[in-house]
Amino acid sequence: MSQLIKFGLILGVICLAATLVLAVAYEVTKPKIEEQRKMEEQNALKSIMPSADSFSEKAMDGIEYFEALKGKVIVGYCVKVAGSGYSGYIRMIAGVDLNGAIQGVAILEHSETPGLGAKINEIRPGESEPWFLKQFKGKSARTIAVKKDIDAITGATISSKAVTDAIHKTVDDLLSKLKK
């Protein structure tokens with residue numbers, strides 16, 4: 001029986017040490033991960049709203065967004081959007097002008113199936129931006145829908161609808177609240 005206790009204690013110490021190493025690694029890498037996320041976010045903002053020269057982060061009723069500014073004049077909004085696709089979440093930013101026309105969409109993070117849902121962010125050879133996201137430019141965020149305005153990705157209709165519906169709902173909510 002004492003050998004069973006001895007092995008139990010050894011296993012407990014190993015588990016405790018492994019947990020401690022993981023916790024320290026997490027704390028050490030957390031600031032770098034946050035810095036990388038912020039940098040990706042800033043690059044996405046610049047790519048989807050090229051007419052703006054600065055962005056002011058805001059929040060309203062749980063919706064996080066940026067005012068896109070040219071000088072001191074608001075030229076549009078970049079809205080943080082999250083949707084639930086086939087395999088999990090999709091985190092993105094959608095840029096709209098003051099009338100609600102989409103200027104661009106950037107996927108920041110997703111967990112969609114490689115080869116299917118992951119095509120939401122696929123760049124075709126010879127092109128400079130994802131072909132699926134390019135469809136959104138110039139369309140009204142308040143009325144956008146798959147099949148009506150956006151061609152769904154073959155085999156990934158759920159992912160296509162998740163992106164479109166999340167943009168539609170979040171941007172429409174924000175613009176409605178800003179008009180009040």
Side-chain angles (χ1 to χ4, degrees), residues 26-113 117-123 129-130 132-146 149-150 152-153 156 158-180:
Y26 173 77
E27 287 301 319
V28 167
T29 59
K30 185 178 177 181
K32 291 185 186 289
I33 292 169
E34 280 302 313
E35 182 182 321
Q36 183 66 29
R37 276 194 176 159
K38 286 288 184 193
M39 193 168 61
E40 286 174 1
E41 199 172 81
Q42 288 300 314
N43 290 338
L45 291 170
K46 291 174 187 169
S47 73
I48 61 176
M49 289 293 280
S51 61
D53 51 29
S54 66
F55 300 92
S56 173
E57 193 166 4
K58 306 275 183 181
M60 179 186 295
D61 296 333
I63 300 172
E64 295 179 57
Y65 68 99
F66 296 86
E67 288 179 344
L69 305 163
K70 181 145 184 103
K72 293 187 180 203
V73 178
I74 297 174
V75 293
Y77 303 98
C78 294
V79 186
K80 291 183 179 183
V81 179
S84 183
Y86 181 76
S87 296
Y89 63 90
I90 302 170
R91 202 171 60 85
M92 60 200 123
I93 294 182
V96 295
D97 64 16
L98 297 175
N99 297 319
I102 298 172
Q103 301 299 301
V105 178
I107 304 292
L108 298 175
E109 191 176 3
H110 70 83
S111 59
E112 293 301 274
T113 308
K119 288 186 177 184
I120 58 175
N121 216 20
E122 177 184 74
I123 299 174
E129 61 184 310
F132 175 71
L133 300 178
K134 195 169 21 173
Q135 299 179 82
F136 289 86
K137 286 186 178 179
K139 308 238 169 75
S140 172
R142 291 180 158 217
T143 60
I144 199 163
V146 171
D149 303 300
I150 303 295
I153 299 167
I158 294 171
S159 301
S160 304
K161 258 182 91 42
V163 170
T164 306
D165 292 349
I167 291 170
H168 167 76
K169 182 187 179 319
T170 308
V171 173
D172 188 45
D173 286 351
L174 175 67
L175 293 176
S176 295
K177 289 173 183 178
L178 288 172
K179 297 279 187 211
K180 290 182 180 180

Glu35 atom CD, over 12 foreign heavy atoms within 6.0 Å: no
Does atom NZ of Lys134 have more than 12 heavy-atom neighbours from other groups under 6.0 Å away? yes
Restricting to pairs with a member in residues 50-71, which pass side-chain hydrogen bond (donor to acceptor under 3.5 Å, both in side chains), not counting sequence neighbours?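 Pairs touching residues 50-71 that pass the test: Glu57-Lys80, Glu64-Lys80.
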Assess whether salt bridge (charged side-chain N to carboxylate O under 4.0 Å, His left out) is satisfied between Lys137 and Glu129, documenting all intermediate values. CA-CA 12 Å; Lys137 286 186 178 179; Glu129 61 184 310; 3.1 Å; yes
Looking only at heavy atoms, what is the nearest atom pair of [X] and [Y], with distance?
X	Y	value
Cys78	Leu45	CB-CD2, 3.3 Å
Ala44	Ala106	CB-CB, 3.7 Å
Val146	Ser160	CG2-O, 3.7 Å
Ala162	Ile90	CB-CD1, 4.1 Å
Phe132	Ile150	CE1-CG2, 3.6 Å
Ile167	Val81	N-CG1, 3.8 Å

side-chain hydrogen bond (donor to acceptor under 3.5 Å, both in side chains) against Thr143, all qualifying residues, sequence neighbours excluded: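 With neighbours one apart ignored, the set is empty.
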Side-chain touch [X]/[Y], heavy atoms, less than 4.5 angstrom:
X	Y	value
Pro130	Ile107	no
Tyr77	Asp97	no
Phe55	Met49	yes

Option from Asp173, Leu175, Thr170 for which side-chain contact (heavy atoms from CB on, under 4.5 Å) with Val79 holds: Thr170
What's the separation between atom [atom1] in [X] and atom [atom2] in [Y], rounded to the nearest 0.5 Å?
X	Y	atom1	atom2	answer
Arg142	His168	CZ	NE2	9.5 Å
Ile158	Asp165	CD1	CG	11.5 Å
Lys177	Asp172	NZ	CG	10.5 Å
Ile93	Glu41	CD1	CD	4.5 Å
Ser84	Lys161	OG	NZ	13.0 Å

The salt bridge (charged side-chain N to carboxylate O under 4.0 Å, His left out) partners of Arg37 (sequence neighbours excluded) come to Glu34, Glu109
Using modelled atom types only, decide if a donor and an acceptor are shared between the side chain of Lys139 and the backbone of Gln135 within a distance under 3.5 Å.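 Yes, Lys139 side chain to Gln135 backbone: donor-acceptor pair under 3.5 Å.
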Using side chain to side chain contact (heavy atoms under 4.5 Å, CB included), reason through Gln103 and Ile48 one step at a time and then give a plain yes or no. CA-CA 6 Å; Gln103 301 299 301; Ile48 61 176; 5.8 Å; no
